[in-house]
Amino acid sequence: MALLEILHFPDPRLRKIARPVDKVGDQVRQTVKDMLETMYDAPGIGLAATQVNIQQQIIVMDVSEAKDAPLCLINPEIISQEGDEEMQEGCLSVPGIFENVHRAARIIVKALDQNGNSISQQAEGLLAVCIQHEIDHLEGKLFVDYLSSLKRERVKKKLLKQQRQEQVPHGSASQQASVI
Ligand code: GNR
Ligand code: NI
């Protein structure tokens, strides 16, 4: 088991396109395990392989209250969608930012499960939102792409500032030294 590092916007690696998994073997199953562990630890309700710098079409989710219903979709494909729903979204790759996004209200997604079996999953509500959010990640897309370019630039500035401050935290030895 291993915790994986989650990339943060505007890291260009979040824009890479994931390739389909051609064989669901032990390596893919290990990736799924590590992704679930990373998602629960974060904590988040979903995680796409792109967010942990793996360019394979793998997503994991758990939208249950008790966090006891892990779901994994490999090579997911939305085969039908209807309706429109607006929900406030957040993203582990865009920490601290929450904005409303419109998405299809009900979807049917086709995918492979952890055993390589073909499955078809119907979803609505939070699960439908989450699946669409995760599939976007596999295509190099982030929820901030649905915001106005002005808002997105503000988010980018805020996160870059946060990331600079994490590199040189307040009260660190280097800063204290400069005061003396
Ligand atoms: O943890 C998450 N919460 C969330 C809330 C509303 C809509 C989508 C999400 S997904 C997010 C985890 C994440 O970043 N997945 O890619
Ligand atoms: Ni996300």
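If you read the sequence from its start, that first residue is 1, and numbering goes on from there.
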Asker: What's the shortest heavy-atom distance between Ile17 and Gly140, and which atoms?
Answerer: CD1-N, 4.4 Å

Asker: What's the separation between atom CD1 in Ile108 and atom CD1 in Ile131, rounded to the nearest 0.5 Å?
Answerer: 11.0 Å

Asker: Regarding Tyr146 and Asp136, do their side chains bring together a donor and an acceptor under 3.5 Å, going by distance alone?
Answerer: yes

Asker: Between Glu139 (side chain) and Arg15 (backbone), is there a donor-acceptor pair under 3.5 Å?
Answerer: no

Asker: Using every non-hydrogen atom in the two residues, find where Gly44 and Leu92 come nearest and quote the distance to one decimal.
Answerer: CA-CD1, 4.2 Å

Asker: For Lys151, does the NZ atom have more than 12 heavy-atom neighbours from other residues, nucleotides or ligands under 6.0 Å away?
Answerer: no

Asker: Can Ile6 be reached from Ile54 by stepping across I, L, V, M, F, W or Y side chains whose heavy atoms are under 4.5 Å apart?
Answerer: yes

Asker: Is there a side-chain contact between Pro70 and Tyr40 (heavy atoms, below 4.5 Å)?
Answerer: yes

Asker: What I'd like to find out is whether the side chain of Phe143 reaches to under 4.5 Å of the side chain of Gln132, using heavy atoms alone.
Answerer: no

Asker: Distance from Leu138 atom CG to Arg19 atom CZ, nearest 0.5 Å?
Answerer: 12.0 Å

Asker: So, does Asn75 use its side chain to make a donor-acceptor pair with the main chain of Val21 at under 3.5 Å?
Answerer: yes

Asker: Can you list the residues that meet the side chain to side chain donor-acceptor pair (under 3.5 Å) rule with Glu134, with sequence neighbours excluded?
Answerer: none

Asker: Any side-chain donor-acceptor pair under 3.5 Å between His102 and Glu85?
Answerer: no

Asker: Passes side chain to side chain contact (heavy atoms under 4.5 Å, CB included), Ile119 versus Leu73? Steps please.
Answerer: CA-CA 9 Å; Ile119 55 167; Leu73 299 177; 3.7 Å; yes

Asker: When rounded to the nearest 0.5 angstrom, what distance separates CZ in Arg106 from CD in Gln81?
Answerer: 11.0 Å

Asker: Do the non-hydrogen side-chain atoms of Met39 and Asp62 ever get within less than 4.5 Å of each other?
Answerer: yes

Asker: How many angstroms lie between CD in Gln51 and CG in Leu4, if you round to the nearest 0.5 Å?
Answerer: 11.0 Å

Asker: Which atom pair, heavy atoms only, marks the closest approach of Phe98 to Gln88?
Answerer: CB-CD, 3.8 Å

Asker: Report yes if the side chains of Ser118 and Asp113 come closer than 4.5 Å at any heavy-atom pair, otherwise no.
Answerer: no

Asker: Evaluate Ile45 against Lys67 for side chain to side chain contact (heavy atoms under 4.5 Å, CB included), listing each step before the verdict.
Answerer: CA-CA 9 Å; Ile45 60 167; Lys67 296 286 158 240; 3.8 Å; yes

Asker: Please tabulate, one pair per line, all N/O donor-acceptor pairs under 3.5 Å involving side-chain atoms of residues 152-159, not counting sequence neighbours.
Answerer:
from: Arg152; atom 1: NH1; to: Val144; atom 2: O; distance (Å): 3.1
from: Arg152; atom 1: NH1; to: Leu147; atom 2: O; distance (Å): 3.0

Asker: Please tell me if the side chains of Leu71 and Leu127 come closer than 4.5 Å, counting only heavy atoms from C-beta onward.
Answerer: yes

Asker: Return the OG1 to CG distance between Thr38 and Leu3, rounded to the nearest 0.5 Å.
Answerer: 5.0 Å

Asker: Under a 4.5 Å side-chain heavy-atom rule over Ile, Leu, Val, Met, Phe, Trp and Tyr, are Leu7 and Leu36 clustered together?
Answerer: no

Asker: Would you name the heavy atoms of Ser64 and Ala69 that are closest together and state the gap between them?
Answerer: OG-N, 3.6 Å

Asker: Are Ile135 and Ile59 close enough that some pair of their side-chain heavy atoms sits under 4.5 Å apart?
Answerer: yes

Asker: What heavy-atom pair brings Met35 and Ala49 nearest, and what distance separates the two atoms?
Answerer: CE-N, 3.4 Å

Asker: Examine the side chains of Asn53 and Gln55 and answer whether a donor and an acceptor come within less than 3.5 Å of each other.
Answerer: yes

Asker: Do other residues, nucleotides or ligands put more than 12 heavy atoms under 6.0 Å from Glu166 CD?
Answerer: yes

Asker: Counting neighbours of CD on Glu124 that are heavy atoms of other residues, nucleotides or ligands and sit closer than 6.0 Å, is the number greater than 12?
Answerer: no

Asker: Measuring from atom NZ of Lys23 to atom CG of Leu112, what distance do you get when rounded to the nearest 0.5 angstrom?
Answerer: 12.5 Å

Asker: What are the two closest non-hydrogen atoms of Met87 and Gly125, and how far apart are they?
Answerer: CE-C, 4.1 Å

Asker: Got more than 12 heavy atoms from elsewhere within 6.0 Å of CD, Gln27?
Answerer: no

Asker: Are the charged groups of Glu89 and Arg103 less than 4.0 angstrom apart, N to O?
Answerer: yes

Asker: Restricting to ring-ring contact (aromatic ring centres under 6.0 Å, His included), what partner residues turn up for His8, sequence neighbours left out?
Answerer: none

Asker: Do Ser80 and Ile107 have side chains that get closer than 4.5 Å, going by heavy atoms?
Answerer: no

Asker: Would you mind reporting whether Lys110 and Pro76 have side-chain heavy atoms less than 4.5 Å apart?
Answerer: no

Asker: Applying side-chain contact (heavy atoms from CB on, under 4.5 Å) between Ile58 and each of Leu47, Val24, Thr31, report the one that passes.
Answerer: Thr31

